[in-house]
Amino acid sequence: MTSDGYFAVDYHCGGEPFRIVAEIAEPDVPTVAEKRVAAAADPEIDGLRRLLCSEPRGHADMYGGFLVAPDDPGAHFGVLFWHKDGFSAACGHGTMCLGTWAVRTGLVPADPSGVTDVVIDVPSGRVTARVATVGAKVTSVDFVSVAGYLLQDDVAVKTSRGTVHCVIAFGGAMYAHVPAADFGLAVDKASLPELIELGREIKNQLNESAYAEHPHDPRLSGIYGVIFFDELGVEENGDIRQRNVTVFADGQVDRSPCGSGTASRVAALHASGRLAAHHTLVHSSIVGSTWHARAASTVEVAGRDAVIPVVSGRAFRTGYHRFVVDPDDDLVPGFVLR
């Protein structure tokens, strides 16, 4: 914090907020993955996260990122993603916001070709925000994810509304995928309170099992979110249409189609044979925003078949902020009501 407070720029992508803080006293460790672990244990950094997420400066579903140095000169910068419950390993909507912000501010000069790659180190690896421009205007942005892959294709989970079977896939973080219809629900606002509670139930049960163990990196272990989805049919050209809501962390709701969640959805659908390389997942959110996603290529990760998901959307600036702390304020860092 400077004498003028904490400075942030707010964006949204698909309706999901992303608060960018460009300057912090970052942890003195070599990699972004290590910085994530150190930041969670640092009272100053974690205190800033809680301050910016909590009311009255934030809210229970707030999201953001602290810019840090990259792992090496091959990336433009690194980022520590955060929400009300801690620091996450991946964030696709945040990557799209950061790429748009970096080009719009000139931090990464726009390529004359009209496509600029903003390379970002995140805790789960190196990702790219591929920013399309016409003149000075950003027209779209692609999130090029780390490799995504299927982990489990049929896991039975007992819930208060019966046993359901879910798929577990990785897209920078680990997600459980469940059709909302399995609970007699739909991805809509009326069902949201029930989906939040079911998301917590499913996540908590899975996190007590071996299914939550990441096969290659223990720092990525843990079911980050539960993706409830509706099938909306298949278009004549073979593209798949779905609508989803992702309930992540401790009951936090993603307003967007969820970037890393969509990446994991692409991985799961590709592994099942439903999403061929030349087809697209048309992925909508609970608020109606829609992204297009595909498997750009196939790769192998530690002997496991995987894909490189690419998710396409747009990000928009919503405000500039200078947050201050009154020394007499007895509600610092704040509170959340849900």
Review point. Do any N or O atoms from the side chain of R314 and from the backbone of T139 form a donor-acceptor pair under 3.5 angstrom?
Key: yes
Practice item. Please lay out, stage by stage, how L206 and V155 fare under the test side-chain contact (heavy atoms from CB on, under 4.5 Å). Key: CA-CA 9 Å; L206 288 174; V155 178; 3.8 Å; yes
**Study point:** Aromatic plane relationship, H83 with Y224 - under 30° parallel, 30 to 60° tilted, over 60° perpendicular
**Key:** tilted
Review point. Are the ring centres of Y63 and H93 closer than 6.0 Å?
Key: yes
Check your understanding: Counting N and O atoms only, with roles assigned by atom type, does the side chain of T159 sit under 3.5 Å from a partner on the main chain of G162, one being a donor and the other an acceptor?
Key -> yes
**Study point:** Reported CD1-to-CZ distance for the pair I286 and R243, which is rounded to 0.5 angstrom
**Key:** 9.0 Å
**Study point:** Passing option when F170 is tested against Y211, Y175, Y149 for ring-ring contact (aromatic ring centres under 6.0 Å, His included)
**Key:** Y149
Review point. When rounded to the nearest 0.5 angstrom, what distance separates CD1 in I168 from CG in D153?
Key: 10.0 Å
Exercise for review: From the options R200, K203, E201, select the one residue that forms a side-chain contact (heavy atoms from CB on, under 4.5 Å) with V226.
Suggested key: K203
Review point. Do T290 and H283 get their side chains close enough for a donor-acceptor pair, meaning under 3.5 Å?
Key: no
Point to revise | Aromatic ring proximity, centroids under 6.0 angstrom, F229 and H177 | key: no
Check your understanding: Do the non-hydrogen side-chain atoms of V144 and I308 ever get within less than 4.5 Å of each other?
Key -> yes
Practice item. Report the relative orientation of the aromatic rings in F77 and W101; use parallel for angles under 30°, tilted for 30 to 60°, perpendicular for over 60°. Key: perpendicular
Point to revise | Check: F66 and L52 side chains under 4.5 Å, non-hydrogen atoms | key: yes
Check your understanding: Do the side chains of V310 and V299 join up, straight or via other hydrophobic residues, at under 4.5 Å, putting them in one cluster?
Key -> yes
**Study point:** Minimal non-hydrogen separation, I45 against A39, with atom names
**Key:** CG2-CB, 3.8 Å
**Study point:** V122 and I120, any side-chain heavy atoms less than 4.5 Å apart
**Key:** yes
**Study point:** Salt-bridge present (R49, E44; N to O < 4.0 Å)
**Key:** no
Check your understanding: Given the rule that I, L, V, M, F, W and Y join up when any side-chain heavy atoms are under 4.5 Å apart, are L48 and V79 in one cluster?
Key -> no
Check your understanding: Going by atom types only, do E34 and T31 share a side-chain donor-acceptor pair under 3.5 Å?
Key -> yes
Exercise for review: Would you tell me whether S209 and N207 have side-chain atoms, one donor and one acceptor, within less than 3.5 Å of each other?
Suggested key: no
Exercise for review: Return the orientation label for the F323 and H321 ring planes: parallel under 30°, perpendicular over 60°, tilted otherwise.
Suggested key: parallel
Check your understanding: Side-chain contact, heavy-atom cut-off 4.5 Å: R304 with L151?
Key -> yes
Check your understanding: Do V247 and M62 share a hydrophobic cluster (ILVMFWY, side-chain heavy atoms under 4.5 Å, transitive)?
Key -> no
Review point. Quick check, are the ring centers of Y11 and F18 under 6.0 angstrom apart?
Key: no
Study note, to complete from the structure: Looking only at heavy atoms, the pair that brings A147 and V301 closest together is CB-CG2, 3.6 Å
Point to revise | Pair C13-C97, side-chain contact (heavy atoms from CB on, under 4.5 Å): steps then yes or no | key: CA-CA 6 Å; C13 187; C97 290; 3.6 Å; yes
Review point. Is V234 close to R241 at the side-chain level, that is, under 4.5 Å between some pair of heavy atoms?
Key: no
Exercise for review: Please lay out, stage by stage, how E194 and R161 fare under the test salt bridge (charged side-chain N to carboxylate O under 4.0 Å, His left out).
Suggested key: CA-CA 10 Å; E194 292 171 276; R161 295 184 61 143; 2.3 Å; yes
**Study point:** E213 side chain vs S221 backbone, donor-acceptor pair below 3.5 Å
**Key:** no
Revision key, fill the gap. Closest non-hydrogen contact found for V187 with F228 is CG2-O, 3.5 Å
Practice item. Please answer whether the main-chain N or O of N244 pairs with a side-chain N or O of D230 as donor and acceptor at a distance below 3.5 Å. Key: no
Check your understanding: Can you check whether G65's main-chain N or O pairs, donor with acceptor, with R19's side chain at less than 3.5 Å?
Key -> no
Check your understanding: Between R255 and D61, is a side-chain contact (heavy atoms from CB on, under 4.5 Å) present by the stated rule, with each step listed?
Key -> CA-CA 9 Å; R255 276 77 171 147; D61 296 304; 2.9 Å; yes
Check your understanding: Do the side chain of S272 and the main chain of L269 share a donor and acceptor less than 3.5 angstrom apart?
Key -> yes
Review point. Crowded around N204 CG? As in, over 12 foreign heavy atoms under 6.0 Å?
Key: yes
Exercise for review: State whether D10 and R317 are salt-bridged, where the test is any N-O pair (Lys NZ or Arg NE/NH1/NH2 against Asp/Glu carboxylate O) under 4.0 Å.
Suggested key: no
**Study point:** T262 (side chain) donor-acceptor with P257 (main chain) under 3.5 angstrom
**Key:** yes
Review point. Looking only at heavy atoms, what is the nearest atom pair of A129 and V141, with distance?
Key: CB-CG2, 4.1 Å
Review point. How about V127 and F143: do any of their side-chain heavy atoms sit closer than 4.5 Å?
Key: yes
Revision key, fill the gap. Interatomic distance, CD@Q205 vs CD1@I223, rounded to 0.5 Å, equals 12.0 Å
Practice item. For the residue pair Q242 and L281, establish whether any side-chain heavy-atom pair is separated by less than 4.5 Å. Key: yes
Review point. Do D239 and H279 have a side chain donor and acceptor closer than 3.5 Å?
Key: no
Exercise for review: First locate atom CG of L331, then atom CZ of R57, and finally report the distance between them rounded to the nearest 0.5 Å.
Suggested key: 9.0 Å
Practice item. Measure the CD1-CG distance between I240 and L275 for me, rounded to the nearest 0.5 Å. Key: 5.0 Å
Check your understanding: What's the spacing between C53 SG and K84 NZ if we round to 0.5 Å?
Key -> 9.0 Å
Exercise for review: Heavy atoms only: give me the nearest L220-G172 pair and the separation to one decimal.
Suggested key: CD2-O, 4.5 Å
Practice item. Verify the neighbour count for atom CG of D72: are there more than 12 heavy atoms of other residues, nucleotides or ligands below 6.0 Å? Key: yes
**Study point:** N/O donor-acceptor pair under 3.5 Å between S285 side chain and S289 backbone
**Key:** yes
Review point. How far apart are the closest heavy atoms of A295 and V266, and which atoms are they?
Key: N-CG1, 3.8 Å
Check your understanding: Taking it one step at a time, do R50 and V332 satisfy side-chain contact (heavy atoms from CB on, under 4.5 Å)?
Key -> CA-CA 9 Å; R50 291 189 294 142; V332 172; over 6 Å; no
**Study point:** H76 (side chain) donor-acceptor with V119 (main chain) under 3.5 angstrom
**Key:** yes
Practice item. Could you tell me whether the side chain of D46 and the main chain of A41 form a donor-acceptor pair under 3.5 Å? Key: no
Check your understanding: Taking side chain as C-beta onward, heavy atoms only, is V245 less than 4.5 Å from L192?
Key -> yes
